[in-house]
Amino acid sequence: MTAVARKISAFQPFVKEVRIHLCQKSEASKGVRDFVEKYYVDLKKANPNFPILIRECSGVLPKLYARYEYGREENTPLSNLSAERVLETLNAMTSQRK
């Protein structure tokens with residue numbers, strides 16, 4: 001198992017949905033686009049029935065949203081982060097009960 005594969009794991013049951021908003025062209029979203037290319041398939045394999053939504057919109061600032069039980073949501077900006085930092089941010093938001 002590679003180091004990257006070890007970083008990708010199943011989400012905790014209290015996490016109900018993950019949404020990633022990004023721009024198709026902006027430099028601020030480059031790391032998020034790289035994240036989708038590098039890690040999305042492995043992430044879906046680890047979480048096959050979990051809703052992971054990728055939303056592209058021109059000019060939007062990249063952001064990660066996590067919806068938890070009881071409808072509570074949190075978000076964090078992803079501007080100018082590398083693909084690896086996006087993965088770390090995702091793991092942080094989906095591994096601890098908030």
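Quick note: numbers below take in every heavy atom, side chains included, and nothing from hydrogens, waters or symmetry partners.
- Judged by distance alone, the side chain of Lys44 and the main-chain N or O of Phe50 form a donor-acceptor pair under 3.5 Å.
- Atom CD of residue Glu74 and atom OH of residue Tyr65 lie 12.5 Å apart, to the nearest 0.5 angstrom.
- When atom types are taken as modelled, the side chain of Arg33 and the backbone of Ser26 share a donor-acceptor pair closer than 3.5 angstrom.
- The minimum heavy-atom distance linking Val15 with Met93 is given by the pair CG2-O, 4.5 Å.
- Looking only at side-chain heavy atoms (C-beta outward), Leu64 and Leu90 come within less than 4.5 Å of each other.
- Looking only at distances, no side-chain donor or acceptor of Ser29 sits under 3.5 Å from a matching main-chain atom of Val32.
- Val60 and Leu78 are assigned to two separate hydrophobic clusters, defined by single-linkage of ILVMFWY side chains at heavy-atom distances under 4.5 Å.
- Of all the heavy atoms in Pro62 and Ala28, the pair that sits closest is CG-O, 3.4 Å.
- Here Glu69 contributes atom CD and Gln12 contributes atom CD; the two are 11.0 Å apart, rounded to the nearest 0.5 Å.
- For Lys30 and Glu27, the salt-bridge test fails: no basic side-chain N is under 4.0 Å from an acidic carboxylate O.
- Remark: His21 NE2 to Ile54 CD1 distance equals 9.5 Å, nearest 0.5 Å.
- Ser79 approaches Leu61 most closely through the heavy-atom pair OG-CD2, 4.1 Å.
- Smallest separation of non-hydrogen atoms from Glu84 and Tyr39: OE2-OH, 3.1 Å.
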Just do the side-chain contact (heavy atoms from CB on, under 4.5 Å) check on Leu22 and Phe35 with the steps written out, would you?
CA-CA 11 Å; Leu22 69 143; Phe35 166 82; over 6 Å; no
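- Counting only distance, with no hydrogens or angles, the side chain of Asp34 and the backbone of Ala83 share no donor-acceptor pair below 3.5 Å.
- Put simply, CG on Asp42 and CG on Leu87 are 10.0 Å apart, with the number rounded to the nearest 0.5 Å.
- A continuous path of Ile, Leu, Val, Met, Phe, Trp and Tyr side chains, each step under 4.5 Å between heavy atoms, connects Val18 with Tyr40, placing both in one hydrophobic cluster.
- In terms of hydrophobic clustering, with Ile, Leu, Val, Met, Phe, Trp and Tyr side chains grouped at heavy-atom distances under 4.5 Å, Ile52 and Phe14 are assigned to a common cluster.
- To the nearest 0.5 Å, the span separating CG on Leu81 from OG1 on Thr76 amounts to 8.0 Å.
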